[in-house]
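Heads up: the structure comes next, in C-alpha cells.
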There are 2 protein chains.
Amino acid sequence: MDQISNISQLFAAQKYKLTPQREAIVNILLDNEKDHLSVEEVYMLVKLSYPHLGLATVYRTLELLCELHIVEKMNFGDGVARYDLRGNDHSHMHHHLICSVCGRLEEIKDDWLVELEERVEREYGFNVTDHRLDFKGTYGTCKRTGCKKEKANKAVS
Amino acid sequence: MDQISNISQLFAAQKYKLTPQREAIVNILLDNEKDHLSVEEVYMLVKLSYPHLGLATVYRTLELLCELHIVEKMNFGDGVARYDLRGNDHSHMHHHLICSVCGRLEEIKDDWLVELEERVEREYGFNVTDHRLDFKGTYGTCKRTGCKKEKANKAVS
DNA sequence: GATTATATCGTAACGATTACTATTTAAGTT
DNA sequence: AACTTAAATAGTAATCGTTACGATATAATC
C-alpha cells in the first residue's frame, strides 16, 4: 500500500479528517523523507502548493501526526523541533549519525538495539517501548573540511 | 581527587576563573548529581545559598560548563534544557531510561555502545566522538500506576 | 594605584511555541 | 434543503525559555 493511503487510514481509524491542509503537509513530509524538517521549513514548503495555509495549522498537524506515531518530534540541539517520518511499521525510531564538521544527518534504518533492550528488561526491569540513538562524530571524508557548504542549511547541535 | 578541585583545574587550564557564583552553581550540580536539573531549577536551588545570583549568570555558567565538557546539555522533550554531569573521565554521556508512567529518569553509567560504534566506523566510515542513547518505556513496578506522584516533579517528554 | 580584561547584574529583546477568538467547513438530523 | 452541532482553520496575541545588551563590579596586570 502506498504511504498516503496508509496514513489516510490511520486518520480515519481515530476519527480524524484528512483535510486538504493536512494532506498538503503530509505530502511535504513524504517528499522530503530524508530530511528532518523544522516547523518553519514545512511551513515555507507547504506554502508553495497551498499558499493560504497558516502556521498554527502546521503546528497542530505535526502534533497530530506525532500522536498517531506517523512522525517523531526530535530535538537536535539547534533550538527548533524537527520532525522525522517513522517507518511503515511505526515501531521504532531510526538511529542517527550527526557529523560535527558538516552538520550532515544520516539515518540508520536498521534496529541495532534489540539485544540491548532485552538487557535493559533483564537488568533493570524496564520494558522498552521506544528508543533514541544518536551518534555524534565525523565522516572520514569530512575530516579535511570536505563538505562545509552544507552546514549553513542544517546546523545541528 | 575530589570533584570540585578537579573541576577547578579544568577552569584554570582554560584560563577561566572559578568565581564564587560559578562555584555555587557547580556545587548545586554536584549535590544533585542524580537529577537532570533545568536552568530554572538550578536557579531556585542556588539562590538558597547565594540569594543575589542572577539568572543570566546561571545560563552563562552552564554554557561554560558545557564547553568544558563538565556537563551535557540535553533535551528530553519537555521544553526546557536539562543538564547532566558527565563522569569523571568526561568521555561519553550515559544512557537513560525514561519511564512514561511516572516520568522517572534513571541512568545507565556503563558504556554499552562500544561494539556499535565500531560497526558505525566500519559500515559508514563515521568516527564517533559521542553518543546519546535513551530508552523510553515503563518499569515493571510502574505498570499499575505505582509511582504517579513523582510525575509532577519532572515531567519528561 | 591606574589600566585593562573578565564576570556579574538586571532587564530588554528575541524567537519558537501555545492559546484564543472568529470564521469556515464538514457531518448529522429532522 | 435548512438547522444544529462538532471539528478544523486562520490570524494574531500572549507566553515562556533563552539570548543580548549596557552598566557596574571584581580581579589581574603593569
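Worth saying up front: this structure is predicted, and the values here are computed from it rather than measured. Residue numbers begin at 1 in each chain, while the letters A, B, ... track the order of the sequences.
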How close or far is atom P of C:dA7 from atom CD1 of B:Ile25, stated in whole angstroms? 13 Å
Please state whether the phosphate of D:dA8, meaning OP1 or OP2, lies under 4.0 angstrom from any side-chain nitrogen or oxygen of A:Arg60. no
Can the positive tip of B:Arg104 be found less than 6.0 Å from the middle of the six-membered ring of B:Tyr139, inside 45° of the ring normal? yes
N-O pairing of B:Asp84 and B:Arg132 below 4.0 Å: no
Counting only side-chain nitrogens and oxygens, does A:Thr19 get under 4.0 Å of the OP1 or OP2 atom of C:dT25? no
Among D:dT18, C:dT18, D:dA20, find the nucleotide with the atom closest to the side chain of B:Ala81. D:dT18
Specify the separation, in whole Å, of atom CG of A:Asn75 and atom C1' of C:dG15. 14 Å
Could you give the CG-to-P distance, from B:Leu62 to C:dT8, as a whole number of Å? 12 Å
Distance, rounded to the nearest Å, where B:Asp78 contributes CG and D:dT15 contributes P: 21 Å
Along DNA chain D (nearest heavy atom to each residue), the more 5'-positioned of B:Gly79 and A:Ala56: A:Ala56
How many Å lie between CZ on B:Arg22 and C1' on D:dA27, as a whole number? 12 Å
Output the rounded distance in Å from OH (B:Tyr59) to P (C:dC14). 17 Å
Decide yes or no on side-chain contact (heavy atoms from CB on, under 4.5 Å) for A:Ile25 and A:Leu53, but give the supporting numbers first. CA-CA 10 Å; A:Ile25 291 168; A:Leu53 198 145; 4.3 Å; yes
In whole Å, I'd like the distance from the NZ atom of B:Lys47 to the P atom of C:dG10. 7 Å
The answer to which of B:Thr57 and A:Glu40 contacts DNA chain C further toward the 5' end, by nearest nucleotide, is B:Thr57
Closest-nucleotide ordering on DNA chain D, the 5'-leading residue of A:Leu55 and A:Leu64: A:Leu64
Look at the side-chain N and O atoms of B:Gln21 and state whether any lies under 4.0 Å from the OP1 or OP2 oxygen of D:dT26. no
What is the distance, to the nearest angstrom, from the OH atom on B:Tyr16 to the P atom on D:dA28? 16 Å
Are more than 12 heavy atoms, taken from residues, nucleotides or ligands other than A:Glu63, located less than 6.0 Å from that residue's CD atom? no
Aromatic plane relationship, A:His36 with A:Phe76 - under 30° parallel, 30 to 60° tilted, over 60° perpendicular: perpendicular
